[in-house]
K.L.:
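Can you read through this structure? Questions will come right after.
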Amino acid sequence: MRWVVPTVRSGRYTPRTMRTYAWKTVDRWSQTLIPTAREVPAEAVIQSHQLMLRAGLIRQLTAGIYDWLPLGWRVMHRVMNIIRQEMADAGAIEVMLPAMIPMDLMEKTGRDVAYGPNLFRLNDRHGRPSCLGPTHEEVIVELVKGYVSSYKQLPLNLYQLQAKFRDEFRPRFGLLRCREFMMKDAYSFHTTVEGPGGLDETYDRMYTAYERIFDRAGLDYTVVEAEAGPIGGSASHEFMVNSEVGEDTILKSDKGNYAANMERCDIGERSSSLDGPPTAEIEPVHTPNLPGIDDVAAFLRIEPSDMLKTLVCRGDDGVWTLGVVRGNHDLNESKLKQAAGVSQLELADDAAAREAGFAIGFVSPRVASKMDDVRLFIDPDAAQDRLWVTGDDRADYHVRHFNWRRDTGDVLDTDRVQVADIRNAQDGDPSPRNDGGVLRESKGIEVGHVFKLGSKYSDALGLTVSDDHQRQIPVVMGCYGIGPGRIVVSAIETHADDDGIVWPSEIAPYDVLITPIKWEGEMRETATRLADALGDAGLDVLIDDRTERAGVKFKDADLIGIPIRLTIGDKALAQGCVEFKRRAESGRGELVKIEDVVARCNTG
RNA sequence: CGGGGCGUAGCUCAGCUUGGUAGAGCGCUUGCUUUGGGAGCAAGAGGUCGCACGUUCAAAUCGUGUCGCCCCGACCA
């Protein structure tokens, strides 16, 4: 199957089909810990973080480290239950792996270096270095290597759901970016990419399972193409909740048939030409003490889009690789890497580039004609017949009226110069489907990621299996992550109003909140009896048995957002009724006969 | 890692400029009244003013250092 069209989905209402735990839950508010707060804690900036603190879901212990309080932990349990159910349906099997990983294992794949300071490191009493697992590729490969030696044992898809650790330099936005966080990570193992039992098959099943999970959690999300990785093609998709507070930038075609992460997003065809005749003489300008493109543009009273920016990179083949983009565009290193056909490429070290003769900060495309061992890639928007402002290849000078053909010359016709899509896409760019669609920029919270890993880890750690001819063959892998904490955050971001949280029914901490106006007499008896009956019917119930005034109970009820509230008061009781109200609906609620309440709560 | 802000009661904050026995609201405890959308009155409990050193007769307040938290940017999944 092929990954067709990343679609924009919105949550649908799903009746709940399971309890949070295997047993009946009827909790009393006075016997649990739900510390609601009227005032907004100073440290919280985004709505979900504020509400999570005010509703008593979480508490910060230190930067990026949180306690899960009873209410929040129940939500997490429901999210994890959904994940476990869908993993089971997709054929994945759960394991539990250590949080602590010996450093030498990480060294074998080079991820000790790759993660760098983001790795939580510690030493045991013997001085042996370890780290707290940021993910578990190495550990799972080591495990599979120990027990799987034949192609007959594959495919295999194992997952874990547990705390992971990253020493983020700057944790922020509450649970959105923290240092200890729950994560579901699945790893699949195959002998082939295509065909039955192959990586593609499992990838597709996981993709579908992810859609079910995020639908059931009530999220409004977009599936986007993400960085391709070692296998290429549609080898990676991210599941992005559409939200202003998201840290990722995504681009969607307004035709609705393409979406991608900004780092990955291709840009549609653009016309270009390097051959127009010059209409003015090239002219140097003294531009001292102007550190950025914007500063130079302001000084010359032009727009950044009137300038050419030349970035000096170097590939792992050692060749200087220059990318030319318009002043208001950003170079995309991975696109440049692909265009250059090298496996590694990075922005050149300033000192090394200066030594090689580049006037860093003032480089112009003309260096391609002055130096032989240089290749030049020009973004189509920079490859235009017009006069440009660009660097003068000497410190503190730019030039006006740069013309490609006149000022760069015959090198343009050599294979050292190419026009290619080498920049980040941005709002307003043409869709890569080339169907007239225009890309629109928005923000997303990454809640899931499916990725075809290939044999990177199995190769590094020596995992192979025998095929049917006794040959050792490599194992290809996929990995599939979900952030349950981010699901909770995202759900609140999209399902809240001025009064508090409005939980999607499947991940609500309880199904029904029973609010007796007074905790005494017939109100108390009815509340207890109803709670018991609802519990027997498979619903999770919370009774607000506090001796608070009704107003306080109602305000707290709205804040914690349980989908159904049953209010028990004298007037309704006199008619043999209680008041049934959905959190998601405004208005007064309706009277329901006591004997009909269970059915009413169950049918929705 | 660069820039900015903040550490005073469980929470939100005032007091600091100009040094002189630590305050308010919310929450908490007790009593009375009230009782269907965050009640009223009264009486209380609760703080090494992040920490250390220094200046001073005297430091929440001034100085130096340090730790912690938040935000912007850079970085990263």
Side-chain angles (χ1 to χ4, degrees), chain A residues 33 35-46 49-50 53-54 56 59-66 111 113-119 133-135 137 164-174 176-179 181 183 185 226-227 229 236 238-240 245-249 261-264 291-292 330 333-334 346-347 444-451 479-483 485-486 498-500 515-521 523 544 546-560 565-574 578-579 581 583 586-589 591:
Chain A
L33 181 66
T36 57
R38 191 189 312 215
E39 287 176 288
V40 181
E43 77 247 27
V45 182
I46 62 174
H49 190 197
Q50 294 174 349
L53 292 166
R54 285 188 55 210
R59 179 182 164 87
Q60 178 173 332
L61 181 61
T62 182
I65 310 274
Y66 289 84
R111 289 214 306 164
V113 177
Y115 261 98
N118 268 9
L119 213 50
T135 65
E137 280 84 353
K164 306 222 175 184
F165 301 83
R166 289 180 200 172
D167 195 1
E168 292 286 349
F169 195 83
R170 177 142 104 85
R172 66 181 129 174
F173 299 146
L176 220 47
R177 175 172 296 268
C178 43
R179 301 195 293 169
F181 53 99
M183 187 156 167
D185 247 338
E227 63 176 298
S236 172
E238 288 170 333
F239 293 75
M240 297 284 192
V245 305
E247 293 188 279
D248 289 272
T249 302
N261 192 313
M262 188 174 75
E263 286 91 64
R264 167 71 173 81
D330 292 318
E333 286 174 39
S334 106
E346 55 188 18
L347 211 56
I445 301 170
E446 182 187 350
V447 289
H449 194 169
V450 291
F451 192 84
C479 70
Y480 319 90
I482 287 182
R486 284 185 172 183
D498 290 343
D499 295 316
T515 306
I517 296 298
K518 283 183 185 161
W519 185 240
E520 61 186 36
M523 284 181 255
D544 192 349
R546 296 174 299 170
T547 52
E548 288 287 352
R549 299 164 58 84
V552 173
K553 292 188 177 189
F554 293 147
K555 285 291 185 189
D556 274 346
D558 289 343
L559 180 58
I560 69 173
R565 189 182 83 203
L566 298 175
T567 310
I568 302 181
D570 284 328
K571 283 172 236 160
L573 274 184
V578 299
E579 193 179 303
K581 183 178 178 305
R583 176 63 178 85
S586 55
R588 285 202 57 80
L591 293 181

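In this text, all values refer to a predicted model and were calculated from it rather than measured experimentally. Scope of the values below: all heavy atoms of this structure, side chains included, with no hydrogens, waters or symmetry mates.
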K.L.:
Which atom pair, heavy atoms only, marks the closest approach of P171(A) to C178(A)?
P.N.:
CB-CA, 4.4 Å
K.L.:
Hey, is the main chain of R172(A) close enough, under 3.5 Å, to the side chain of R177(A) for a donor-acceptor pair?
P.N.:
no
K.L.:
Could you tell me the separation between the CG atom of D544(A) and the C1' atom of rG36(B), rounded to a whole number of Å?
P.N.:
13 Å
K.L.:
Given atom CD of E43(A) and atom P of rC11(B), what is their separation to the nearest angstrom?
P.N.:
9 Å
K.L.:
Under 3.5 Å, is there a donor on one side chain and an acceptor on the other for T36(A) and D556(A)?
P.N.:
yes
K.L.:
Shorter than 3.5 Å, N or O on both sides, protein versus nucleotides 31-34 of chain B: list them out with atom names.
P.N.:
residue: rU34(B); atom: O2; partner: R549(A); partner atom: NH1; Å: 2.8

K.L.:
For D544(A) and K553(A), work out which heavy atoms get closest and say how close.
P.N.:
O-NZ, 3.0 Å
K.L.:
For residues T135(A) and R111(A), is any side-chain donor paired with an opposing acceptor at under 3.5 Å?
P.N.:
yes
K.L.:
Determine which nucleotide pairs with rC69(B), using a 3.5 Å limit on both distances of a Watson-Crick or G-U wobble pair.
P.N.:
rG5(B)
K.L.:
Using both distances under 3.5 Å as the test, list the Watson-Crick or G-U wobble partner of rG36(B), or none.
P.N.:
none
K.L.:
Let me spell it out: for each of R59(A) and G551(A), pick the nucleotide of RNA chain B with the closest heavy atom. Which residue's pick is nearer the 5' end?
P.N.:
R59(A)
K.L.:
Between R179(A) and E168(A) (salt bridge meaning N to carboxylate O under 4.0 Å), is one present in this structure?
P.N.:
no
K.L.:
Once you round it to whole Å, what is the distance between P of rG36(B) and CG of D558(A)?
P.N.:
17 Å
K.L.:
With both distances under 3.5 angstrom, what nucleotide forms a Watson-Crick or G-U wobble pair with rG63(B)?
P.N.:
rC53(B)
K.L.:
Determine the Euclidean distance between corresponding P atoms of rA59(B) and rG46(B); express it in Å to zero decimal places.
P.N.:
24 Å
K.L.:
Is there a donor on the side chain of D556(A) or the base of rG38(B) sitting less than 3.5 Å from an acceptor on the other?
P.N.:
yes
K.L.:
A side-chain contact here means heavy atoms from C-beta on lying under 4.5 Å apart; do M523(A) and L573(A) qualify?
P.N.:
yes
K.L.:
Are I482(A) and F239(A) packed together at the side-chain level, in the sense that at least one heavy-atom pair is separated by less than 4.5 angstrom?
P.N.:
no
K.L.:
Between protein and nucleic acid, restricted to nucleotides 75-77 of chain B and to nitrogen or oxygen atoms under 3.5 Å apart, what atom pairs and distances do you find?
P.N.:
residue: rC75(B); atom: N4; partner: R172(A); partner atom: NH2; Å: 3.4
residue: rC76(B); atom: O2; partner: R177(A); partner atom: NH1; Å: 2.8
residue: rA77(B); atom: O2'; partner: R166(A); partner atom: NH1; Å: 2.9
residue: rA77(B); atom: N6; partner: D248(A); partner atom: OD1; Å: 2.9
residue: rA77(B); atom: N6; partner: D248(A); partner atom: OD2; Å: 3.4
residue: rA77(B); atom: N1; partner: R177(A); partner atom: NH2; Å: 3.0

K.L.:
Need the pair for rU18(B). Rule: Watson-Crick or G-U wobble, both distances under 3.5 Å, any strand; none if unpaired.
P.N.:
none
K.L.:
Just name whichever nucleotide pairs with rC11(B), Watson-Crick or G-U, keeping both distances under 3.5 Å, else none.
P.N.:
rG25(B)
K.L.:
What's the CZ-C1' distance between R546(A) and rG37(B), to the nearest Å?
P.N.:
13 Å
K.L.:
Check if the side chain of E579(A) and the base of rG36(B) share a donor-acceptor pair of N or O atoms closer than 3.5 Å.
P.N.:
yes
K.L.:
Could you state the CD-C1' distance from E548(A) to rC26(B), rounded to the nearest angstrom?
P.N.:
13 Å
K.L.:
Can you work out whether K571(A) or R179(A) has the more 5'-proximal nearest nucleotide on RNA chain B?
P.N.:
K571(A)
K.L.:
Ignoring backbone atoms, test whether T62(A) places a side-chain nitrogen or oxygen under 4.0 Å from the OP1 or OP2 oxygen of rC69(B).
P.N.:
yes
K.L.:
Mind checking the CD-CD1 spacing from E548(A) to I517(A)? Nearest 0.5 Å is all I need.
P.N.:
12.5 Å
K.L.:
Using both distances under 3.5 Å as the test, list the Watson-Crick or G-U wobble partner of rA45(B), or none.
P.N.:
none
K.L.:
In whole Å, I'd like the distance from the CZ atom of R54(A) to the P atom of rU12(B).
P.N.:
12 Å
K.L.:
How far, in whole Å, is rG54(B) from rA77(B) if one measures between their C1' atoms?
P.N.:
46 Å
K.L.:
I'd like to check F554(A) versus R565(A) (side-chain heavy atoms, cut-off strictly below 4.5 Å). Are they in contact?
P.N.:
yes
K.L.:
Could you measure between the two P atoms, the one in rU56(B) and the one in rA24(B), and give it in whole Å?
P.N.:
34 Å
K.L.:
Rounding to an integer number of angstrom, what distance separates rG25(B) and rG73(B) when you compare their P atoms?
P.N.:
39 Å
K.L.:
In terms of heavy-atom contacts, does CD of E43(A) have more than 12 from other residues, nucleotides or ligands at under 6.0 Å?
P.N.:
yes
K.L.:
Between V45(A) and H49(A), what is the shortest heavy-atom contact and its length?
P.N.:
N-ND1, 4.3 Å
K.L.:
In whole Å, measure the gap between the P atoms of rA74(B) and rA14(B) for me.
P.N.:
31 Å
K.L.:
May I have the distance from L33(A) (atom CG) to rC28(B) (atom P), rounded to whole angstrom?
P.N.:
14 Å
K.L.:
For a quick test of reading the model, state the closest non-hydrogen atom pair linking L559(A) to R54(A) and the distance between them.
P.N.:
CD2-O, 3.4 Å
K.L.:
So which nucleotide from rG27(B), rC69(B), rG36(B) ends up closest to the side chain of R38(A)?
P.N.:
rG27(B)
K.L.:
Of all the choices, rC71(B), rG36(B), rU12(B), which nucleotide is nearest to the side chain of R170(A) once you look at every atom?
P.N.:
rC71(B)
K.L.:
Is it true that K164(A) and D185(A) make a salt bridge, defined as a side-chain N closer than 4.0 Å to a carboxylate O?
P.N.:
yes
K.L.:
Quick one: which protein N/O atoms are closer than 3.5 Å to N/O atoms of nucleotides 42-44 of chain B? Pair and distance per line, please.
P.N.:
none

K.L.:
Give one of base, sugar-phosphate or nothing for R565(A), where a contact means two heavy atoms less than 4.0 Å apart.
P.N.:
base
K.L.:
Looking for any heavy atom pair under 4.0 Å, which part of the strands does F181(A) touch: base, sugar-phosphate only, or nothing?
P.N.:
nothing
K.L.:
Which heavy atom of L53(A) sits nearest to which heavy atom of R59(A), and what is that distance?
P.N.:
CD2-CA, 4.4 Å
K.L.:
Pick the C1' atom in rU8(B) and in rC49(B), then give their distance to the nearest Å.
P.N.:
4 Å
K.L.:
Counting heavy atoms from C-beta on, name the nucleotide in rC71(B), rC13(B), rG38(B) closest to the side chain of A42(A).
P.N.:
rC13(B)
K.L.:
Looking across every strand, which nucleic acid part, if any, lies under 4.0 Å from Q60(A) by heavy atom: base, sugar-phosphate, or nothing?
P.N.:
sugar-phosphate
K.L.:
Say you pick atom P in rG23(B) and the same atom in rC16(B); how far apart are they, in whole Å?
P.N.:
15 Å
K.L.:
Between the base of rG25(B) and the side chain of E39(A), is there a donor and acceptor pair under 3.5 angstrom?
P.N.:
yes
K.L.:
Just checking T515(A): base, sugar-phosphate only, or nothing, at a heavy-atom cut-off of under 4.0 Å?
P.N.:
nothing
K.L.:
Quote, to the nearest angstrom, the C1' distance that separates rU48(B) from rG36(B).
P.N.:
46 Å
K.L.:
How many Å lie between CZ on F554(A) and C1' on rA39(B), as a whole number?
P.N.:
15 Å
